[in-house]
Amino acid sequence: DAKTTQPNSMESNEEEPVHLPCNHSTISGTDYIHWYRQLPSQGPEYVIHGLTSNVNNRMASLAIAEDRKSSTLILHRATLRDAAVYYCILPPGGNQFYFGTGTSLTVIP
Amino acid sequence: DSGVTQTPKHLITATGQRVTLRCSPRSGDLSVYWYQQSLDQGLQFLIQYYNGEERAKGNILERFSAQQFPDLHSELNLSSLELGDSALYFCASSVEGKVATDTQYFGPGTRLTVL
């Protein structure tokens, strides 16, 4: 099963870009990379997901390394509302989500 | 608002008791997932249903059971409650139940406190 490694915490200044890394060196060819976030006192919220090529949506961008052993979630302009725990998830065999401990993002005004 | 509703929001009960948590998925979603979030264990997958049938099982204790009804709402039953069962319980739903590619939409959670 592919395991993910994320930094425990990161800080960013408001209105600056944020790059949240995730290592998944044991990823298999069919594992999708998912990112969810959990704001304080709320349920997790979908951010983005991808397989091989970079992906963009209104919330963020996902940059996937060519060898797929790492990926980076990019928030283009951090706002205070982006302060949350960000989870990088690779469902093994597409069976279930393992959330891990995620990266706690602090946004400094 | 994800469109997933969970009731009740808060539940306080005593050890040894039994409780039922309810989840209504987003309109059109056929699959429901249950997760438990505690301080020491983080977010853990419990069980998934698709169109009334169990599809995947995670770290769900034998004292816990769930079902998905014909109208697609789901209930999680927790019995013989212990102090360690105190946690946030989240329900999520997705369209096709394909974990690899579906987006899961999470409800606001039910906070269970066992005294």
Side-chain angles (χ1 to χ4, degrees), chain A residues 1-9 24 27-53 55-60 62 64 68 71 73 81 84-104, chain B residues 1-7 9-10 21 23-26 29 31-50 54-60 66 76 87-112:
Chain A
D1 296 346
K3 187 174 172 162
T4 61
T5 304
Q6 299 178 252
N8 285 334
S9 62
H24 30 78
I27 191 171
S28 75
T30 56
D31 286 339
Y32 278 77
I33 303 159
H34 295 251
W35 284 82
Y36 281 71
R37 70 181 185 182
Q38 187 172 21
L39 279 65
S41 303
Q42 293 188 29
E45 175 186 36
Y46 169 79
V47 179
I48 202 165
H49 77 282
L51 182 62
T52 54
S53 53
V55 185
N56 300 295
N57 66 21
R58 63 173 181 80
M59 282 183 71
L62 176 60
I64 301 172
R68 302 217 317 129
S71 60
L73 178 69
R81 199 200 169 271
V85 178
Y86 287 79
Y87 297 97
C88 169
I89 303 164
L90 272 66
N95 285 333
Q96 53 183 271
F97 275 11
Y98 292 96
F99 273 83
T101 53
T103 297
S104 179
Chain B
D1 183 357
S2 66
V4 177
T5 59
Q6 290 187 248
T7 55
K9 287 188 81 164
H10 301 278
L21 312 184
C23 168
S24 293
R26 288 188 331 147
D29 284 359
S31 193
V32 168
Y33 311 74
W34 285 98
Y35 293 85
Q36 178 193 57
Q37 186 170 34
S38 59
L39 281 175
D40 55 345
Q41 298 275 359
L43 253 168
Q44 292 216 61
F45 167 73
L46 296 178
I47 198 163
Q48 177 197 1
Y49 282 83
Y50 175 77
E54 181 184 305
R55 176 167 278 191
K57 219 168 189 174
N59 300 322
I60 188 165
L76 179 67
L88 265 170
Y89 291 84
F90 289 106
C91 167
S93 72
S94 75
V95 175
E96 297 182 321
K98 294 179 181 176
V99 175
T101 53
D102 274 8
T103 295
Q104 292 187 30
Y105 296 90
F106 284 77
T110 293
R111 182 174 292 281
L112 173 66

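Keep in mind the model is a prediction, meaning the values are calculated, not measured. In what follows, chains carry the letters A, B, and so on, assigned in the order in which the sequence lines appear, proteins first and then strands, with residues in each chain numbered from 1.
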Minimum heavy-atom distance between A:Q42 and B:F90, given as atom pair plus value: O-CZ, 3.8 Å

Ignoring hydrogens and geometry, is there a side-chain-to-backbone donor-acceptor pair from B:Y35 to A:F97 under 3.5 Å? no

Interatomic distance, B:Q44 atom CD to A:Q96 atom CD [nearest 0.5 angstrom]: 9.5 Å

State whether the number of non-hydrogen atoms from other residues, nucleotides or ligands found under 6.0 Å of B:R55 atom CZ is greater than 12. yes

Please name the pair of heavy atoms, one in A:Y36 and one in B:Q104, separated by the smallest distance, quoted to 0.1 Å. OH-N, 2.8 Å

In this structure, CD1 of A:I48 is separated from OG1 of B:T103 (nearest 0.5 Å) by 10.5 Å

Mind checking the CG-OH spacing from B:N59 to A:Y98? Nearest 0.5 Å is all I need. 6.5 Å

Could you tell me which portion of B:S2 (side chain, backbone, both or neither) has an atom closer than 4.5 angstrom to a non-hydrogen atom of chain A? neither

Heavy-atom closest contact (A:P91 atom, B:A100 atom, distance): CG-CA, 4.2 Å

Under 4.5 Å from any heavy atom of chain A - which part of B:Q37: side chain

Side chain, backbone, both or neither: which part of B:Q48 has an atom under 4.5 Å from a heavy atom of chain A? side chain

Let's test your reading of the structure: which of A:G100, A:P44, A:G102 forms the most heavy-atom pairs below 4.5 Å with chain B? A:P44

